[in-house]
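These values consider heavy atoms only, across backbone and side chains, with no hydrogens, waters or symmetry-generated copies. Since the model is a prediction, treat every value here as computed from it, not as a measurement. For this chain, numbers begin at 1 and follow the sequence in order.
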Amino acid sequence: QWVYNILEKKAEADRIVHENPDPSNGFVMVPDLKWNQNQLDDLYLIALVHRREIKSLRDLTAEHLPLLRNVLQEGKEAIVKRFGVPSSQLRIYLHYQPSYYHLHVHFTALGYDAPGSSVERAHLLADVIDNLAMDSMYYQKRALTFPLRADEALFKKFQEAGKV
């Protein structure tokens, strides 16, 4: 609901850094709640896509390339314009598994060791775009490794199924 409230401007409308209102290829960019916006060393923004049917990386196909390219290009431009941070100093990625199932993209300062920015969980948006350009069904076919904490419900399900 938090995501939908932002997209509908019922919450955090004053925090929007950039918006592309296109219902198919647009998104809203807001500072992540982990970033206090006082310094750029730990810059952290989230781009929330308007399309509600895309839940995670697994849902993406080549059909979504215009959306993903918009997020990448416009997100970088908005950060340079608003914060003066060049794209060469950004890490732009998606999580798998995500913390919530509405497609969103993380933009963090390259030097900031953001939670979940490690290789086990983060998939660089530029790589995602390249993979989908090569194979539209890449993320439906590919095995995706991801870490789980021992106290997570999904880990317990894997244990019960004898997969751990």
request  = For the pair L68 and V128, evaluate side-chain contact (heavy atoms from CB on, under 4.5 Å) and give the outcome as yes or no after the intermediate values.
outcome  = CA-CA 9 Å; L68 298 174; V128 170; 4.2 Å; yes
Rounded to the nearest 0.5 angstrom, the OG-CD distance for S24 and E63 is 6.5 Å
For this session: Flag the pair R69 / L72 as yes when at least one side-chain heavy-atom distance between them is below 4.5 Å, and no otherwise.
Result: no
| request: Group every Ile, Leu, Val, Met, Phe, Trp and Tyr by side-chain heavy-atom contacts under 4.5 Å, then state whether V80 and V17 land in the same group. | output: no
Output for pair (L60 CG, L103 CG), nearest 0.5 Å, gives 5.5 Å
When clusters are formed by joining ILVMFWY residues with side-chain heavy atoms under 4.5 Å apart, either directly or through shared neighbours, do L144 and F155 land in the same one? yes
Can you establish whether the number of heavy atoms outside K81 located under 6.0 Å from its atom NZ is more than 12? no
**Item:** Flag side-chain contact, heavy atom, 4.5 Å: I46 against V105
**Value:** no
Counting heavy atoms not belonging to D113, are there more than 12 under 6.0 Å from its CG?
no
Heavy-atom closest pair (K76 atom, I92 atom, distance to 0.1 Å) is CG-CD1, 3.6 Å
N/O donor-acceptor pair under 3.5 Å between D59 side chain and S56 backbone
yes
Within a strict 4.5 Å, meaning less than it, do heavy atoms of the Y96 and R58 side chains meet? yes
Scanning both residues in full, the closest heavy-atom pair of V3 with Y100 reads CG2-CE1, 3.5 Å
In this structure, NE2 of H64 is separated from OG of S136 (nearest 0.5 Å) by 9.0 Å
Note: T61 and M137 closest approach over all heavy atoms is CG2-SD, 4.0 Å
task = Any chance you could lay out the side-chain contact (heavy atoms from CB on, under 4.5 Å) test for L43 and T108, step after step, and finish with the verdict?
result = CA-CA 5 Å; L43 176 134; T108 63; 5.7 Å; no
Side chains of Q37 and R15 in contact at under 4.5 Å (non-hydrogen atoms):
yes
Rounded to the nearest 0.5 angstrom, the CH2-CG distance for W2 and L48 is 5.5 Å
Within-4.5 Å side-chain heavy-atom neighbours: D42 and K34
no
Are any of the side-chain heavy atoms of L57 and Q97 separated by less than 4.5 Å? no
Between R121 and S99 the two heavy atoms that sit nearest each other are NH2-N, 3.7 Å
**K55 atom NZ, neighbour heavy-atom count above 12 within 6.0 Å** = yes
For residues 36-57, the ring-ring contact (aromatic ring centres under 6.0 Å, His included) pairs (sequence neighbours left out) are Y44-H106
Would you say the side chain of L110 lies within less than 4.5 Å of the side chain of L90, judging by non-hydrogen atoms?
no
Exercise. Is it possible for you to say whether L33 and F83 belong to one hydrophobic cluster, with membership spreading through side-chain heavy-atom contacts below 4.5 Å?
Key: yes
For a 4.5 angstrom cut-off between non-hydrogen side-chain atoms, does R51 reach I54? yes
Heavy-atom closest pair (L40 atom, A109 atom, distance to 0.1 Å) is O-CB, 3.6 Å
**Request:** Determine, stepwise, if the pair Y4 / R52 fulfils side-chain contact (heavy atoms from CB on, under 4.5 Å).
**Result:** CA-CA 9 Å; Y4 297 147; R52 295 184 183 204; 3.4 Å; yes
Interatomic distance, CG@N20 vs CG@L67, rounded to 0.5 Å, equals 9.0 Å
For this session: List the steps, then state whether side-chain contact (heavy atoms from CB on, under 4.5 Å) holds for M29 with I79.
Result: CA-CA 10 Å; M29 178 179 271; I79 290 171; 4.1 Å; yes
Parallel, tilted or perpendicular: rings of Y93 and H95 (30°, 60°) = tilted
Taking only Lys NZ, Arg NE, NH1 and NH2, and the carboxylate oxygens of Asp or Glu, determine whether E74 and R82 approach each other closer than 4.0 Å.
-> no
Here the gap from I129 atom CD1 to Q73 atom CD, rounded to the nearest 0.5 Å, amounts to 9.5 Å
Polar contact flag, side-chain donor to acceptor under 3.5 angstrom, E8-N5:
no
Given the ring of Y112, does R91 sit roughly above its face, with NZ or CZ under 6.0 Å from the centre of the six-membered ring and within 45° of the axis?
no
Heavy atoms of V49 and L7 approach each other most closely as O-CD1, 3.5 Å
Does the gap between the ring centers of H104 and F27 come in under 6.0 Å?
no
